Colleague: 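If you scroll down you'll find the structure; I have some questions about it.
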Amino acid sequence: MKIATWNINGIKARIDNLRQWMSDFQPDILCLQEIKSVDEAFPRLELEALGYHVETHGQKGFNGVAILSRQKPEDVIRDLPGEDEDEQARFIEASFSVPSGVVRVASIYLPNGNPADDPVKYPYKLRWMERLRRHAESRLLLEEPLVLAGDYNVIPEPHDCYDPAAWATDALFLPRTRAAFRAIENLGLTDAVRATTDATKLYTFWDYQAGAWQKNNGIRIDHLLLSPEASDRLLSTSIEKQVRAWEKPSDHVPVVGYFDFEKR
DNA sequence: ATGGTCGTAGGACGA
């Protein structure tokens with residue numbers, strides 16, 4: 001089973017790229033971020049025509065997440081618990097039947113947090129990360145395969161970044177950001193890409209500006225975090241880097257985990 | 001080389 005995450009940076013501008021990649025790659029479950037669309041304007045019919053169920057959590061203009069799946073999802077949840085006043089659409093979660101039981105998958109768009117000295121934005125990012133940590137803690141009690149997939153806006157380690165010095169004061173790489181990410185991992189979650197390769201200079205995002213793609217000035221900020229039950233069934237991962245060279249690309253590329261959820 | 005790129009929406013802002 002192929003479970004993928006992709007920040008598409010606007011569904012309206014990316015629908016052709018999205019359909020092309022889905023037709024080529026045939027993901028079983030695809031988590032999207034930054035759909036930048038209200039639910040009513042999301043091109044549901046075009047994606048259903050490819051054979052996918054569509055669950056969205058959109059908002060006007062910014063943010064917005066979705067889960068596309070071959071199978072019909074169950075237990076769809078549309079908000080990260082812990083802050084009732086939060087109106088930003090950054091979280092959707094669903095569960096799916098598999099031969100060995102169930103797999104639960106979340107599509108996460110973690111706040112960017114810049115500028116890091118902003119009195120609102122960076123504290124919101126840290127609060128959101130603590131809410132995610134608590135939610136993950138509660139989900140881990142279920143002892144089920146769990147895949148927390150998305151744009152974390154976190155560069156975990158210096159080698160996940162082309163120039164660590166250039167990112168030293170950025171909200172994606174500050175020590176407090178990295179510590180909050182480790183606190184989530186330290187619950188017992190596995191970074192799927194790191195678990196399946198020793199390669200360095202693996203990136204999932206290249207800025208549109210300053211020829212970042214051409215110079216390979218990238219960062220690794222899109223992650224699949226796995227519960228032990230999901231990690232046990234992980235076979236390999238793929239970063240679909242070729243997609244960044246297509247016409248009208250997103251600044252992020254898909255990240256994929258391959259799993260075996262057949263019975264033992 | 002002191003700028004530079006996108007997307008949404010239809011202006012200003014987020015990344």
Side-chain angles (χ1 to χ4, degrees), chain A residues 5-21 31-44 46-47 56-66 80 86-91 107-129 132 149-156 160-174 176-178 180-181 203-223 240-255:
Chain A
T5 181
W6 191 7
N7 179 324
I8 54 170
N9 189 21
I11 184 61
K12 195 177 294 180
R14 216 66 62 213
I15 184 64
D16 291 343
N17 269 3
L18 177 61
R19 290 174 54 163
Q20 184 67 55
W21 186 74
C31 299
L32 300 177
Q33 300 86 39
E34 284 208 88
I35 64 173
K36 296 187 175 180
S37 166
V38 293
D39 296 336
E40 299 72 34
F42 193 82
R44 161 183 299 277
E46 293 181 53
L47 297 166
T56 59
H57 184 196
Q59 73 177 85
K60 185 176 164 61
F62 308 107
N63 306 324
V65 289
L80 182 64
D86 186 0
E87 294 186 345
Q88 300 192 28
R90 297 179 172 277
F91 184 90
S107 179
I108 287 164
Y109 181 44
L110 207 144
N112 177 295
N114 280 306
D117 58 0
D118 186 280
V120 174
K121 292 185 175 179
Y122 193 58
Y124 173 62
K125 177 175 192 152
L126 292 178
R127 285 203 310 281
W128 210 95
M129 294 183 82
L132 180 60
D151 176 0
Y152 280 73
N153 271 313
V154 175
I155 301 165
D160 294 316
C161 174
Y162 69 94
D163 182 4
W167 291 82
T169 61
D170 193 282
L172 278 59
F173 193 54
L174 282 173
R176 289 176 73 189
T177 305
R178 295 173 55 200
F181 185 75
Y203 307 134
T204 64
F205 168 94
W206 296 260
D207 200 283
Y208 289 122
Q209 298 188 63
W213 167 246
Q214 288 75 12
K215 292 186 253 181
N216 197 26
N217 287 349
I219 54 178
R220 192 175 73 93
I221 56 175
D222 300 273
H223 308 297
E240 296 288 296
K241 189 175 175 178
Q242 75 284 353
V243 173
R244 186 63 177 78
W246 290 3
E247 291 292 315
K248 276 196 70 150
S250 170
D251 40 8
H252 298 249
V253 299
V255 179

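Just so it is clear, the values below take in all heavy atoms, side chains as well, and ignore hydrogens, waters and symmetry mates. Within every chain, numbering begins at 1; the chains are lettered A, B, ... in the order of the sequence lines, protein sequences first and strands thereafter. For clarity, every value in this text was computed on a predicted model and none was experimentally measured.
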Colleague: Which pairs count as salt bridge (charged side-chain N to carboxylate O under 4.0 Å, His left out) when at least one residue sits in residues 208-221 of chain A, sequence neighbours excluded?
Modeller: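 Qualifying pairs, neighbours excluded: D160(A)-R220(A), D191(A)-R220(A).
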
Colleague: Not counting sequence neighbours, list each pair that qualifies as a salt bridge (charged side-chain N to carboxylate O under 4.0 Å, His left out) and has a residue in residues 113-123 of chain A.
Modeller: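 Sorted pair list comes back empty.
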
Colleague: Does D170(A) have any side chain to side chain contact (heavy atoms under 4.5 Å, CB included) partners at least two apart in sequence or in another chain, and if so, which?
Modeller: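 Side chain to side chain contact (heavy atoms under 4.5 Å, CB included) check on D170(A) returns N114(A), W167(A), L172(A).
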
Colleague: Taking atom P in both dG3(B) and dG7(B), compute the distance separating them and give it to the nearest angstrom.
Modeller: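 Straight-line distance between the two P atoms is 24 Å.
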
Colleague: Quantified in whole Å, what is the C1' atom distance between nucleotide dG14(B) and nucleotide dA9(B)?
Modeller: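 Result for the C1' pair: 13 Å, nearest Å.
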
Colleague: Once each nucleotide of nucleotides 5-15 of chain B is scored for protein heavy atoms under 4.0 Å, what B/S/- sequence comes out, 5' to 3'?
Modeller: BSBSS----BS

Colleague: dA12(B) and dA1(B): how far apart are their C1' atoms, nearest whole angstrom?
Modeller: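 One C1' to the other, the span is 29 Å.
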
Colleague: State which residues pass side chain to side chain contact (heavy atoms under 4.5 Å, CB included) with Q59(A); sequence neighbours excluded, sorted by chain then number.
Modeller: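 Result, side chain to side chain contact (heavy atoms under 4.5 Å, CB included) vs Q59(A): N63(A), Q88(A), A89(A).
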
Colleague: Name all residues meeting the side chain to side chain donor-acceptor pair (under 3.5 Å) criterion together with Y162(A); count only those two or more places apart in sequence or in a different chain, and write none if there are none.
Modeller: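 With neighbours one apart ignored, the set is empty.
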
Colleague: Mind telling me whether H223(A) and F181(A) have parallel, tilted or perpendicular rings, with 30° and 60° as the class edges?
Modeller: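 Tilted: the ring planes of F181(A) and H223(A) meet at 30° to 60°.
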
Colleague: When rounded to the nearest Å, what value does the distance between C1' atoms of dC13(B) and dT2(B) take?
Modeller: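 Comparing C1' positions in dC13(B) and dT2(B) gives a spacing of 23 Å.
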
Colleague: Please report the distance separating the P of dG10(B) from the corresponding atom of dT5(B), rounded so that it comes out in whole Å.
Modeller: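 Taking atom P in both dG10(B) and dT5(B), they lie 24 Å apart.
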
